[in-house]
Amino acid sequence: MSGLGEGFGKVILFNEHFVVYGIPSVAAAIGDTTVAKVEDSEEFELLDNRPETPGYKKEKLEQQKDSLNRIFKAMNIDVEKNPVKITLEGDLLAASGLGASAASCVAIARALSKHFNLNLDDEQINNVAYEGEKGYHGNPSGIDNTAATYGGVIWFQRKPDGNIIERIKLKEPVEIVIGNTGKVADTKKAVAGVRERKEKYPEKYNQIFEEARKLVFDARNALEDFDIRRVGELMNKNHKLLQEIEVSSEELDLLVEIALENGALGAKLTGGGLGGNMIALTPEKDLQRRVAGAMEKEGYQVIKTTLGGS
Ligand code: MEV
């Protein structure tokens, strides 16, 4: 018996970090995915064959074990009684900022559901993956596992009585470039840092958070109207707000600068920040190639993909 499962990688287009506090956000799945295979085995085994930013898998190993135990618990699976071998593969880079942990949680939950004939639907898979994400993040908002489960472009708002999850339709796919700083970052630490500073400087942070709340409604309109220029402008503003709450980094800012200098309509960090990845909005293949090439020339790894239809 074996089961296969898949989870999407994602980028956050608007409001990472702010989303933790109930402010709406927008995420988009990318074409790259993680695939999990579950097979019967003599003893529990995990084989992680995902491509990675060097050092990522080693650094996340303890969090990954914690996450797996939470997934087994959420699914009522006793791996001592029913040992399995889990193999992780797929083309999604295991790197900070691309939802690699969430994609793997979704892929594993789906593969376990198949292997043990549990027939979990997407909502149940999403809930299990959320439990798994706690191993990595502590107190995740749920945006990453939601994007990894459902794919597409998603409006997400964390609510105590049930999250709001809505699909945003794009008129056509839009090219983006994802630039990788090459630095592994700890989302848990980034989220904790924001909380500390928010408590220390409540007035300053409340003002920034209010701006983020207003901005994301404009962003949703711009996406739905397919006003890509406006989407880019709002991404730039969102990056400034993220700089103000101190989750950007020198490399992220440099990649944003390279992208804008080479014609990107907007650029910002994506995910937890402090390293990891950024995204640049580059409609049309030529612009995408130019921006990607400029980043590569400076020695950074890039992914060329599309939003809303890869
Ligand atoms: C990480 O991809 C996104 C954060 O907003 C954390 C979260 O939402 O759980 C930084």
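All heavy atoms count here, side chains included; hydrogens, waters and symmetry mates do not. We count ligands from 1, going down the list as the structure has it; atoms in each ligand are counted the same way.
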Closest non-hydrogen protein atom to [atom], residue and atom name please, with distance?
atom	value
atom 2 (O) of ligand 1	Asp144 OD2, 2.8 Å
atom 5 (O) of ligand 1	His17 N, 2.8 Å
atom 3 (C) of ligand 1	Ile12 CD1, 3.7 Å
atom 7 (C) of ligand 1	Ser141 OG, 3.4 Å

At less than 4.0 angstrom from any non-hydrogen atom of [X], what atoms of ligand 1 do you find?
X	result
Ile143	8 (O)
Gly272	1 (C), 10 (C)
Glu16	5 (O)
Val19	5 (O), 8 (O)
Gly271	2 (O)
Pro140	9 (O)

Decide yes or no on salt bridge (Lys or Arg N to Asp or Glu O under 4.0 Å) for Arg220 and Glu224, but give the supporting numbers first.
CA-CA 6 Å; Arg220 179 172 184 160; Glu224 285 173 341; 3.2 Å; yes

Less than 4.0 Å between a side-chain N and a carboxylate O, is that true for [Y] and [X]?
X	Y	value
Arg70	Asp66	yes
Lys268	Glu16	yes
Lys159	Asp161	no
Glu175	Lys285	yes

Between Phe14 and Val231, the two heavy atoms sitting closest are CZ-O, 3.8 Å

For His137, which part has a heavy atom under 4.0 Å from ligand 1: side chain, backbone, both, or neither?
side chain

Measure the spacing between CD1 of Ile108 and CG of Leu88 and express it to the nearest 0.5 Å.
4.5 Å

Evaluate the criterion side-chain contact (heavy atoms from CB on, under 4.5 Å) for residue pair Thr181 and Met278; output intermediate values, then yes/no.
CA-CA 8 Å; Thr181 63; Met278 53 71 70; 5.8 Å; no

Do Ile30 and Trp155 land in one hydrophobic cluster if side-chain heavy atoms of ILVMFWY residues count as linked below 4.5 Å?
yes

Is it true that Lys10 lies under 4.0 Å from ligand 1, counting heavy atoms only?
yes

What about Asn139: any of its N or O atoms under 3.5 Å from an N or O on ligand 1?
no

